[in-house]
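For clarity, every value in this text was computed on a predicted model and none was experimentally measured. Every number for a ligand or one of its atoms is a count from 1 in the order of the listing.
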Amino acid sequence: MPGNPIPTYTRKIDVWMPRLHYFHKNSNLFTFHLMNPAEISQKIAVLRKDIAHHDDLYYKKATPEISDFAYDGLKSELARLESSHPDLGTGQSPSTKVGDDRLEGFVTYKHRQGMLSLDNTYSQQELTDFDDRLRKLFNRDNLAYCVEPKIDGLAISLTYENGRFTRGVTRGNGIEGDDVTRNLLTLPTLPRELKGRGIPPLMEIRGEVYMTVAEFDRINRERELAGEQTYMNPRNLTAGTVKQLDPAEVAKRRIEIVLYGVGYCENPPWQQQHELRDYYKEWGLPTVEWTEHVVGANAVWAAICKLDTLRHTFAYGTDGAVVKLDDLALQRQAGFTSKAPRWAIAYKYAPEQVETLLERITIQVGRTGALTPVANLRPVLLAGSTVARATLHNADEIARKDIRERDTVLVEKAGEVIPAVVSVVLGKRPASSVPYIFPSVCPECGSPATRSAGEAVWRCPNDDCPPKLRRRIEHYAARGAMDIEGLGEANVEQLVSKGLAKDIADLYSLTLPQLMTLDKFGDKSSRNLLAGIAESRNRDLWRLFFGLGIPDVGAQSAKDISRKFHNLTALMNATEAELMQIDGIGEVVAASIVEFSRNERNRILVDRLIAAGVNPQAPAPASTGDSPFAGKSCVLTGTLPTLSRDEATALIERAGGRSASSVSKKTDYVIAGDSAGSKLDKARSLGVTVLDEAQFIALLPEGMRPTKG
Ligand code: IVH
């Protein structure tokens, strides 16, 4: 076997997260001699319970507490103990079952062929053992394999009948899963119809739904702006999204799909795994972009190493390589264990970790006053990018890991994306080191920090604290909110530090001479900024509702609210019950709005905004009588040149129409943009009127046509 060209991971057993101590304290050499049968039986019970707990968090709630690596450690420890003590039984053990992702609220659907999991390993030796087992089974040398990326998403099974997509189901418990067809119909890249040679009359196509890092970042940025908790990683966000009960919610996020396998299939045209991918491509199904068709264990390992250097360039997160026997007849012969095929194995890449120096811990003050500790690191290259900062989450997290300034720490990217400090390299701690003491006062304004019962976060309670004020103004002026040109971070900083803006209402009384005193501000830039601020008085109402920065009110909630409350005064007088009648507004958002409007300071701010002429009114509910869309069913497909999906949907609704997700005989209009796929074909075959964006806008009654908000 060639040497290991995968970057070496700096991993120190004694400093891993607490869960991994199972590896350390209880594994192989140590415990088999030290634990008596009663202890082993107890250990097994504890592991089973722990794994069941983590399965519930991962599969059902999409909010795991531990990394996949730590979880795999628990599973392999359990499997090892169980196999050396078969007398303790494995009937009910998580080691013999696949996870269960079924949720209340979905109809379940039985897979025609069971949807199993994969055995996985972090060890090169176990890959060789896998090949040895198969060679022995078939009494053959030089078996051919396909090596593919292992996509870190949510497993899905699609049924196609005579080339038509009829059902999408999650893995569930491997036997039956949740029917998420309506949600999958919102995916722009899922073909409704397959085209090409050899399409089987009935087949279950297996694959993974996922989210690109770019889409994940977009959603998290939006949530951050709205003061909402950000998501941990794209995998959890995908799982949480596909498991939404309302397809309209799914359509707001871009979910992608990739297909790599097959379940039940009548008359398959392929004999080998690598041919399957070629057929999928031909039929228009998105497939893995990289695969290698190799012979023998050495070549498998070389492909796995090659994939490790390539995988960071893929659109989806990958946590390993899947090795599959190429010959499908041999696959059938090898068969399955209770939870996984014998003809495939996943090699998982251990998360790349690097050591670096934690130079300083600084505290960031957020818009809502949250004091977030940040590790300022000696810059270091990690999984494709340079990392210089990592969040430390909160005071409890620092205490739990005993992280100190000047410590050498291990850093990894949580879910391949966000840098996180895993642990401290205690052996490199300087003798003079002292525990980190979380500040009891806000480091920016000196106000005593407060913490509500049950909350992990300390906050600065002072609404005049400069960074809080800066962030409120930045949020108000941001492109996604009031869109004030020229009011970025640097200029807001100047306005606040010179005392020219003490709140957002002050922006509207700024004068030319005042702006001229700012750094790098001449006559032209000052006039431009004043014009940008003046223009913002006429933005759409939802932008103002969002821009106020009410905790938990994101852009979508602001849009929903503006459909019922048509100006600022109406919002400030809204009751919780009235707000909760709005589709999409729950208890948390309603309570937050009422808390905001009861605050005297906010009432004064809103009065001042209104006095300054910032008082947009929602367009009066349009009479839709003269709208060609009144009472009509419209379907959007493809990417429109200027309108987002949300904007186009809002226009359809304002014009009295209904936005539907699939094309049928009942569809009145299909509005099609770039890369419109099978919906467009279907509309044409059914004779439904197809409009492009310009035709759609032209048909809208005057006064309902979009303007820049
Ligand atoms: S083949 C019988 N190929 O990883 C199971 N699975 O951890 C055959 N996965 O259950 C599965 N990428 O959901 C296969 N290229 C790939 C994959 C892949 C991701 C998932 C799949 C599987 C899980 C096991």
Sidechain N-carboxylate O distance under 4.0 Å for R206, E204: yes

Quick one: nearest non-hydrogen protein atom to atom 8 (C) of ligand 1, plus distance? L118 CD2, 4.1 Å

Under 6.0 Å from the ring centre and within 45 degrees of the ring axis: does the NZ or CZ of K324 meet both conditions for the six-membered ring of Y145? no

I'd like to check whether V322 has a polar contact with ligand 1, where a contact means an N/O of the residue lying under 3.5 Å from an N/O of the ligand. no

Assess R167 against Y109: is NZ or CZ under 6.0 Å from the centre of the six-membered ring, and within 45 degrees of the ring's axis? yes

Applying the side-chain contact (heavy atoms from CB on, under 4.5 Å) test to V294, which of V323, V300, L143 qualifies? V300

Note: ligand 1 atoms sitting under 4.0 Å from heavy atoms of A155 are 13 (O)

Thinking salt bridges, do R48 and E82 make one under a 4.0 Å N-O criterion? yes

Do me a favour and list the nearest non-hydrogen protein atom to atom 12 (N) of ligand 1 with residue, atom name and distance? I151 N, 3.0 Å

Could you tell me, atom by atom, which parts of ligand 1 come under 4.0 Å of a heavy atom of P149? 12 (N), 15 (N), 16 (C)

Could you see which bit of E148 sits under 4.0 Å from ligand 1, with heavy atoms only: side chain, backbone, both or neither? side chain

How about NZ on K252, more than 12 heavy atoms from neighbouring residues, nucleotides or ligands closer than 6.0 Å, or not? yes

Closest protein heavy atom to atom 3 (N) of ligand 1, given as residue, atom name and distance to 0.1 Å: K324 NZ, 3.0 Å

Counting non-hydrogen protein atoms only, what is the nearest one to atom 23 (C) of ligand 1? Give residue, atom name and distance. K150 NZ, 3.9 Å

Does E256 come within less than 4.0 Å of R254, counting only side-chain N to carboxylate O? yes

Answer with side chain, backbone, both or neither: which part of A346 has a heavy atom less than 4.0 angstrom from an atom of ligand 1? neither

When only distance counts, is E208 in polar contact with ligand 1, meaning an N/O pair under 3.5 Å? yes

What do the steps show when you test E249 against Q244 for side chain to side chain donor-acceptor pair (under 3.5 Å), and what is the final call? CA-CA 7 Å; E249 290 300 311; Q244 294 275 335; 5.8 Å; no

Could you list the atoms of ligand 1 found under 4.0 angstrom from a heavy atom of P341? 2 (C)

Determine, considering heavy atoms only, which of Y316, W343, Y260, F336 sits nearest to atom 9 (N) of ligand 1. Y260

Determine whether the side chain, the backbone, both or neither of R206 has a heavy atom under 4.0 Å from any heavy atom of ligand 1. neither

Between N236 (side chain only) and A239 (backbone N and O only), is there a donor and an acceptor less than 3.5 Å apart? no

Checking the side chain of D141 only, and the main-chain atoms of R135 only, is there a donor and an acceptor separated by less than 3.5 Å? no

Which of the numbered atoms in ligand 1 are below 4.0 angstrom from a heavy atom of L116? 5 (C), 10 (O)

Which segment of M115 sits under 4.0 Å of ligand 1 when only heavy atoms are counted: neither

Under 4.0 Å to a heavy atom of R171 - the qualifying atoms of ligand 1, by number: 10 (O), 13 (O), 22 (C)

